[in-house]
Amino acid sequence: MPLKNDRLLRALQRQPVDVTPVWIMRQAGRYLPEYRATRTKAGNFLTLCKTPELACEVTLQPLTRYPLDAAILFSDILTIPDAMGLGLHFNEGEGPVLTQPLRTKAQIDQLGIPDPNIDLKYVMDAITLIRRELAETVPLIGFAGSPWTLATYMIEGGSTKHFQHTKALLFEQPQLMHNLLHKLAQALVLYLNAQVAAGAQALMLFDTWGGVLTTRDYLEFSLRYLKDILQGLTRHHQGQPIPIILFTKDGSEWLEHLAATGCDAIGLDWKIPIGQARARVGRQVALQGNMDPGILYASPDRIRQEVATILDSFGQGSGHVFNLGHGIHPQVDPEKVAVLINAVHELSAGYHQPFNKLDPQS
């Protein structure tokens, strides 16, 4: 059965669309009262992630409330470290904690590669359930963290501002860092391909901490492994392309390098006008982004004005997926999100030529 709304998949492949598609990073999250109620029912965040029925429920909540053009799997990037035995838990208000951080060569050498259909079966079960419940209304995006970003959490034992242990390992024992990143890349290829087999129709790799590296180190310790993953991913499934989005926060300096990886789209933060990014990468890739999440604290008129500015900056034609430049803030009024989504659909129509999506020439 064909998708009723395939704008996202078409835009990621730079094919014509009627209006610019929009989804929001962390669209299933704490800004929604219904999410908070389900999380309370679950008892804690990790139980919410690991219970397929609850993960499905919160994945679908924003689709019930808003006319979004995609669902994104509700999960967490740290499922891989958890499956590797690092003891993941979440402290309320403090973020993730890994009780067995990697600090020695022996620890890294002993890491195994998780079997996604055994160790992460709850993720695959959630994807299968979500696809069934979506009933081909909109596509489902699967995702994972990049090897570099996962490594920072695994070495530090949680969130950090200074990357003390990670940078020490990188500079003092670069080969050991490469060994860890290589294992993570192998694990991520298996994990993401399993997501596709379970029903994910597009994939996104979040390189949240790539921007803390110098250009030299970004190319060697982050981008290199993104390329390795792309080479191993299932790019077609059941006759359909599987578009891949790469997102490096604070990575505007490296757009040309990202575009050359073979990905289908680059996610942008709000640090660069999207028109400048488009001028730099041309038609090599689609672009996703890139509104400052803080705009959602402003008035409806100001939100509409910012949507108009970003659409005008990108300009005519397809290849744009509207999104925030990072995750939505928990304090945002849900009504402001409705303003954003409706403004994108309303104001973007003039940037696209009428087309018939059943026409193979369109």
Side-chain angles (χ1 to χ4, degrees), residues 5-25 27 66-70 72 138-139 141 202 204 206 241 243-261 263-296 298 300-328 336-355 357 362:
N5 175 352
D6 65 351
R7 287 175 188 142
L8 174 88
L9 301 182
R10 293 180 67 88
L12 289 174
Q13 297 167 81
R14 301 174 302 287
Q15 296 172 356
V17 291
D18 55 342
V19 297
T20 301
V22 54
W23 69 277
I24 296 171
M25 285 189 272
Q27 64 189 25
Y66 307 118
L68 290 154
D69 294 300
I72 183 166
V138 296
I141 303 167
M204 183 162 173
F206 287 88
I244 314 296
I245 308 161
L246 297 185
F247 174 64
T248 294
K249 188 170 180 287
D250 297 320
S252 297
E253 182 179 350
W254 308 309
L255 294 182
E256 291 83 358
H257 292 290
L258 284 160
T261 61
C263 68
D264 297 283
I266 298 173
L268 301 173
D269 59 32
W270 62 94
K271 307 295 177 62
I272 180 174
I274 197 168
Q276 288 185 21
R278 190 183 192 189
R280 284 170 56 184
V281 301
R283 287 191 54 80
Q284 281 182 275
V285 291
L287 295 174
Q288 178 176 280
N290 64 332
M291 196 167 86
D292 180 346
I295 291 289
L296 291 175
D301 285 347
R302 183 65 183 86
I303 293 168
R304 285 177 59 85
Q305 179 186 345
E306 192 70 13
V307 168
T309 297
I310 292 168
L311 291 171
D312 187 62
S313 179
F314 184 87
Q316 294 287 326
S318 191
H320 182 198
V321 174
F322 203 101
N323 208 316
L324 301 180
H326 202 242
I328 188 170
K336 302 289 185 68
V337 178
V339 172
L340 162 64
I341 295 164
N342 292 332
V344 172
H345 287 154
E346 176 190 341
L347 300 176
S348 66
Y351 293 95
H352 302 280
Q353 297 294 324
F355 80 104
K357 75 177 185 178
S362 292

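Here the structure is a predicted model, which means the values were calculated and not measured. Sequence positions, counted from 1, serve as the residue numbers for this chain.
Residues satisfying the side chain to side chain donor-acceptor pair (under 3.5 Å) criterion with Tyr351, sequence neighbours excluded, are Asp312. Under the side chain to side chain contact (heavy atoms under 4.5 Å, CB included) criterion, Ala265 pairs with Leu12, Ile245, Ala286, not counting sequence neighbours. A search for side chain to side chain contact (heavy atoms under 4.5 Å, CB included) contacts involving Thr20 returns Leu311, His320, Phe322, Val344, Ser348, His352, not counting sequence neighbours. Every residue meeting the side chain to side chain contact (heavy atoms under 4.5 Å, CB included) condition with Trp270, not counting sequence neighbours, appears here in chain and number order: Asp292, Pro293, His326. The side chain to side chain donor-acceptor pair (under 3.5 Å) check on Arg302 picks up Glu306, with sequence neighbours excluded. Scored by the side chain to side chain contact (heavy atoms under 4.5 Å, CB included) test, Ala343 finds Arg304, Val307, Leu347 as partners (sequence neighbours excluded).
Here the CG-CG distance, from Leu8 to Asp69, works out to 7.5 Å after rounding to the nearest 0.5 Å. To the nearest 0.5 Å, atom CZ of residue Phe314 and atom CG of residue Leu268 are 10.0 Å apart. Here the CG atom belonging to Asp18 is positioned 4.0 Å from the CZ atom belonging to Arg7, to the nearest 0.5 angstrom. We find the CD1-CZ distance between Ile266 and Arg278 to be 13.0 Å, quoted to the nearest 0.5 Å.
A donor-acceptor contact shorter than 3.5 Å is absent between the side chain of Asn290 and the backbone of Gly325. Checked by atom type and distance alone, the side chain of Ser313 never pairs as donor or acceptor with a backbone atom of Thr309 at under 3.5 Å. A donor-acceptor pair under 3.5 Å is absent between the side-chain atoms of Arg14 and the main chain of Ser318, judged by distance alone. Without hydrogens or angle criteria, Asp269 side chain to Lys249 main chain gives no donor-acceptor distance under 3.5 Å.
Side-chain contact between Leu9 and Gln13 is present, with at least one heavy-atom pair separated by less than 4.5 Å.
No option in Asn323, Ile24, Leu340 other than Leu340 meets the side-chain contact (heavy atoms from CB on, under 4.5 Å) test with Met291.
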- Task: Start with the C-alpha gap between Phe206 and Met25, add the side-chain angles, then the distance that decides, and say whether side chain to side chain contact (heavy atoms under 4.5 Å, CB included) holds.
- Result: CA-CA 11 Å; Phe206 287 88; Met25 285 189 272; 3.5 Å; yes
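Counted within 6.0 Å of CD on Glu256, heavy atoms from surrounding residues, nucleotides or ligands total more than 12; the atom is thus considered enclosed. Other residues, nucleotides and ligands contribute only 12 or fewer heavy atoms inside 6.0 Å of the CZ atom of Arg283.
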